[in-house]
Every structure is written in C-alpha cells, then in structure tokens.
Amino acid sequence: MAFIVAIDGPAGTGKGTVTKILAKRNGFIYIDTGAMYRCVTLECINRGILPNETKKINEVLENIDIKLMPDSVVFLNGKDVSEEIRTPNVDKFVAKFAELKEVRDKLTPIQQAMGKNADVIMEGRDIGTVVFPNADVKIFLDCALEERANRRYKQNLEKGIEQSYQEVLKAIVERHRLETEREIAPLTKTEDAILVDSTDMTIEEVVNTIEEVIRRKNND
Ligand code: DC
C-alpha cells in the first residue's frame, strides 16, 4: 500500500520548500498540485481565455498535457514553463481558475492516480480534504499573513521580480479570500490534520516537526 502525506495550507507558508526537503529525506515522490493549477491558468492566459469562458476552458482541459518532473521542472504541452508559471501575472489569476469545477474535476483524478502505486508527499489546498481524505499523514501548514507576504516579497526579489511589499500583501490577502471562501474544495483544516504554524519557525524546524509525525505514523 502506498503511503500518502498530505500537506495543505495557504501560499507563503514555506510549504513548497518544506515538502521538497521532506520528499528527498524520506524517499517520497514530491507532487506540487499548485503547479498543475498554474499550468491551466498559464495556458488560458496565453490564449486570452477568461475564467468565465467555460467552453473554451473545457477545450484547453481536453488537450492539456502537464508533466511534473524532478527538481520542480514543469512541462506544459511539451514546453518548460517552470519559471513562467510562477510570475505575478499567473499569481493574480490562478485562484480564479482554480475555483472552477471543470478545472478541479480534471486535475483531482490525475492527482489521485499519482498516489496509487507510489509513496507520495503532495502539497496543495485540498489534499487532505478531497484528493486523499484517507491520507496516512495530514498536515495543515499555517503562518501569519504579514510573514507570508514578507517571505513572498523576498522570494520575488531573489527572482528579480519587482513588486512592492504592499502589492504582495494585497495579492496574498485576495488569494487567501478566494481560496478559503470558494464553493468547491475550499482551503480548510480537517479535524484529523495536524496544525503546524511556521510563523516563528525555521524551515529546518518545520521539516523536523513533520518528519516526527511521519515517523510516529510509520511506527504505528
Ligand atoms: O501552491 P500554489 O500557490 O502554487 O497554488 C497556486 C494556486 O492553485 C492557489 O491559488 C490555489 C490553487 N490550488 C488549489 O486550489 N488546490 C490545490 N490542491 C493546489 C493549489
């Protein structure tokens, strides 16, 4: 039986970094489901499709080919889009596409299939609630809003993306609202998920905390 670790939480909690380290150290396959929603969004933006153009979105979904490769490399329809999917423009629109039923109905089964025969650690918003409600370990990684904005602001600077702290904070607040208030698969902590608040923790501390939870579960 495959062992599934679900890591959910909002943007800017360090989820991606932590999940990647945990995957490497514990021999799990790392799956970034946000990258898949970003690919759909990028393809729609590139074709000038708006979130309310359901028919056109369905056409995109019918033919879309997303490949998650090692080291966070992402291919969309045969092209490396690893950087393009993480620009502020995709950030701005992704929650609008991610809330659509059509989009979620397409991506959720693909994610479920990925965890069928392999030990995976999967990060996203609805992994413990919808994708793998029976995951072996469920973590809800949280962090104070201002600290999340601060981290994203610094990440952007490192990538050479110019956006003021205020703009980053505003974008994070808006995305958080959309992700938690949407009708389908909203971001929420299930009762059986373990809450880890990373606000005052280093990456190493968060990794160690989650690793301990995995170890305990493995020894059950
Ligand atoms: O984790 P991220 O910031 O790369 O995610 C991008 C967007 O995709 C985010 O706005 C929420 C959405 N998402 C989702 O709705 N469900 C998931 N399982 C993963 C991401």
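Every number for a ligand or one of its atoms is a count from 1 in the order of the listing.
Side-chain N or O atoms of Arg125 include none that pairs as donor or acceptor with a backbone N or O of Ala185 at under 3.5 Å. Put simply, the side chain of Glu43 never gets that close to the backbone of Val40: no donor and acceptor are under 3.5 Å apart.
Looking from atom 7 (C) of ligand 1 to the surrounding protein, the closest heavy atom is Val94 CG2, 3.5 Å. In terms of protein heavy-atom proximity, atom 4 (O) of ligand 1 is closest to Arg38 NE, 2.7 Å. Of all protein heavy atoms, the one lying nearest to atom 20 (C) of ligand 1 is Gly34 CA, 3.6 Å. With respect to atom 8 (O) of ligand 1, the closest heavy atom belonging to the protein is Tyr37 CB, 3.5 Å. Here the protein heavy atom with the shortest distance to atom 19 (C) of ligand 1 is Thr33 OG1, 3.3 Å.
In the model, Glu123 has a side-chain atom that pairs as donor or acceptor with a side-chain atom of Tyr30 under 3.5 Å. Between the side chains of Gln163 and Asn156, at least one donor-acceptor pair of N or O atoms lies under 3.5 Å.
Comparing Arg125, Glu99, Lys15 against atom 3 (O) of ligand 1, the shortest heavy-atom distance belongs to Arg125. Between the choices Arg182, Lys96, Glu179, the shortest heavy-atom distance to atom 15 (O) of ligand 1 belongs to Arg182.
Close contacts of ligand 1 with Ala98, meaning ligand atoms under 4.0 Å from a residue heavy atom, involve 12 (C), 15 (O). Interface atoms of ligand 1 facing Asp126, defined by a heavy-atom separation under 4.0 Å, are 16 (N), 17 (C), 18 (N).
Contact record, Asn218 with Phe3: OD1-CE1, 3.6 Å, taken as the closest heavy-atom pair. The minimum heavy-atom distance between Gly12 and Arg148, with the atom names listed, is O-CG, 3.3 Å.
By the criterion of a heavy-atom distance under 4.0 Å, the side chain of Arg104, and not its backbone, is placed next to ligand 1.
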Stepwise side chain to side chain contact (heavy atoms under 4.5 Å, CB included) test for Phe97 and Ile57: CA-CA 9 Å; Phe97 285 97; Ile57 293 170; 3.9 Å; yes
